[in-house]
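What you see is a predicted model; the values in this text were computed from it and never measured. Just so it is clear: chains get the letters A, B, ... in the order the sequence lines come, proteins before strands, and each one is counted from 1.
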2 protein chains.
Amino acid sequence: MTKRKVSDAVIRRLPKYYRYLDELHENGITRISSHQLADEMGFTASQIRQDLNCFGGFGQQGYGYGVEKLRSEISAILGLQDMRGAILIGAGNLGRALLGNFDFESCGFRMLAAFDVASEVVGKKVNGVDVLALDSLDEFIKAHSAELAVLTMPGDETREIAKRLEALGVKGVWNFTSRELRADETNMCVETVHFTESLMALCYKVNEEGKA
Amino acid sequence: MTKRKVSDAVIRRLPKYYRYLDELHENGITRISSHQLADEMGFTASQIRQDLNCFGGFGQQGYGYGVEKLRSEISAILGLQDMRGAILIGAGNLGRALLGNFDFESCGFRMLAAFDVASEVVGKKVNGVDVLALDSLDEFIKAHSAELAVLTMPGDETREIAKRLEALGVKGVWNFTSRELRADETNMCVETVHFTESLMALCYKVNEEGKA
DNA sequence: TAGATTGTTAATCGATTAACAATC
DNA sequence: TAGATTGTTAATCGATTAACAATC
């Protein structure tokens, strides 16, 4: 009940473990030690054991970890089986790219519908997902209970839309817009994918490389 | 010369400072103290001063920081003015979305060309950028000296393409594919944008929220 | 049983925060 | 000059790594 909060650093490594174990599983490998896993992933064995023991003892002394067991444990920790409802707002280039290519289901979400204001996309389907008018957002969420919203519309609408979504009971926001959503602006869980910041950081590193 | 390495945490905050200062600048604000900036950005004043002093003393006691001066200092630190050549590999949905919408120039790069294997896109232009045959990659880079490669092709080609790019003198890779590139696999600077890991982490948080 | 490897506690390291003298 | 705010050193906090007893 009163388990202490798991640090963000640990949470961000869980999907990496999951992906790696999934690969091992597909290659027919059934057991692995923290040392092997650490070598392959570029972590330390200590760190892997510490991370996993935030959630429970999944291994066995003298043996290691069962690949399939650990994979499914991590899947459960992340909640990948729950298949929560999701919607996407802004069916522009990026929105359509995500609808067309991204596997939401493997991340625990089912894409229910997309929304946009542009009359030339409203009414169309992208990869089987209906694009509806943004006006019908409230009505739709009330009827279908979406817990995640993917924001791929222009950045100047971020705050207003976020407010609306929170009022409608949306729990999480996957934010691709240029506007940040800080903890004091919303109670929803927010994960921001910041292309600009990512590339600027890379620019710095390339720069440094040149100097060294 | 022998300045000690700036930590990754600091580097990742630089673009945030830059963006914020840019906004202040556009709103006509000319000076700001570390405290004001900290309040607005949700950091501590100490941290901001520590971060900036990795690179030099840009402020003035009793006054604070000149917005425009600090903005341009950070821009220089990040190398945003240098306009290095960039190419993009994989002109699918995501690649075209980036070519069409993303402002590479504000991140210090000029997009020179895109490459793909599919005959239906080769020869077309996306937002003024030519899509060329992947066969002509080596020739093109030798002629135009691209320092950055944006990888938006399928994940199973990541390693092979990376090897090829490194041999051609490319310095940095902005990796959108599902395959990681670890430090022991390449000497290039790598920045990976991992959609799946990002959404899985959010899935965990939404999950936790429900339990609390 | 002996060997291996975990779970967990202790030590180390690095990053963040606090404090304050320097100075505009 | 007095007030404000930096640059910088010291203290704290948290995350990573090392060590080792428990145990399969």
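Ring-centre distance between A:Phe43 and A:Tyr20: not below the 6.0 Å cut-off.
Nucleotide C:dT8 holds its P atom 17 Å from the CD1 atom of A:Ile48, rounded to whole Å. As a whole-Å value, the separation of B:Leu52 CG from D:dT6 C1' is 11 Å. A:Asp39 places its CG atom 13 Å from the P atom of D:dT17, with the value rounded to the nearest Å. One can place CZ of B:Phe55 at 15 Å from C1' of D:dG7, the figure rounded to the nearest angstrom. Between the CD atom of B:Gln61 and the P atom of D:dA2 there is a distance of 19 Å, rounded to whole Å. Taking atom CZ of A:Phe43 as the reference point, atom P of D:dA15 lies 15 Å away to the nearest angstrom. In this structure, the CG atom of A:Leu37 is 14 Å from the C1' atom of C:dT5, given to the nearest Å. In this structure, the NE2 atom of B:His35 is 13 Å from the P atom of C:dT17, given to the nearest Å.
At C:dT16, none of the side-chain N or O atoms of B:Ser46 fall inside 4.0 Å of OP1 or OP2 (strictly under the cut-off). Close to C:dC24, at under 4.0 Å from its OP1 or OP2, lies no side-chain N or O of B:Gln60. The phosphate of D:dG7 (OP1 or OP2) has a side-chain N or O of B:Tyr65 nearer than 4.0 angstrom. Taking 4.0 angstrom as the limit, B:Arg31 places none of its side-chain polar atoms (N or O) nearer than this to OP1 or OP2 of C:dC24. In this model, the phosphate group of D:dT16 is approached by a side-chain N or O of A:Gln47 to a distance below 4.0 Å at OP1 or OP2. B:Arg49 has no side-chain polar atom (N or O) that falls below the 4.0 Å cut-off from OP1 or OP2 of D:dG7. Neither OP1 nor OP2 of D:dT5 sits under 4.0 Å from any side-chain N or O of B:Ser34.
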Could you give me the CA-CA distance, side-chain angles and deciding distance for A:Leu151 and A:Trp174, then say whether side chain to side chain contact (heavy atoms under 4.5 Å, CB included) is met? CA-CA 6 Å; A:Leu151 304 189; A:Trp174 202 22; over 6 Å; no
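Here B:Phe58 lies in heavy-atom contact (under 4.0 Å) with sugar-phosphate atoms only.
Along DNA chain C, the nucleotide nearest to A:Gly62 and the one nearest to B:Ser7 differ in position, and the one closer to the 5' end is contacted by A:Gly62. Ranked by how close their nearest DNA chain D nucleotide is to the 5' end, A:Gln50 and A:Tyr63 are led by A:Gln50.
C:dT6 and D:dA21 make up a base pair, with Watson-Crick or G-U wobble contacts both under 3.5 Å.
In this structure, A:Phe104 and A:Phe102 have perpendicular ring planes: the angle between them is above 60°, well past the 30° mark. Under the 30°/60° scheme for interplanar angles, the aromatic rings of B:His144 and B:Phe140 are found to lie parallel.
The minimum heavy-atom distance between B:Leu165 and B:Ile87, with the atom names listed, is CD2-CD1, 4.2 Å.
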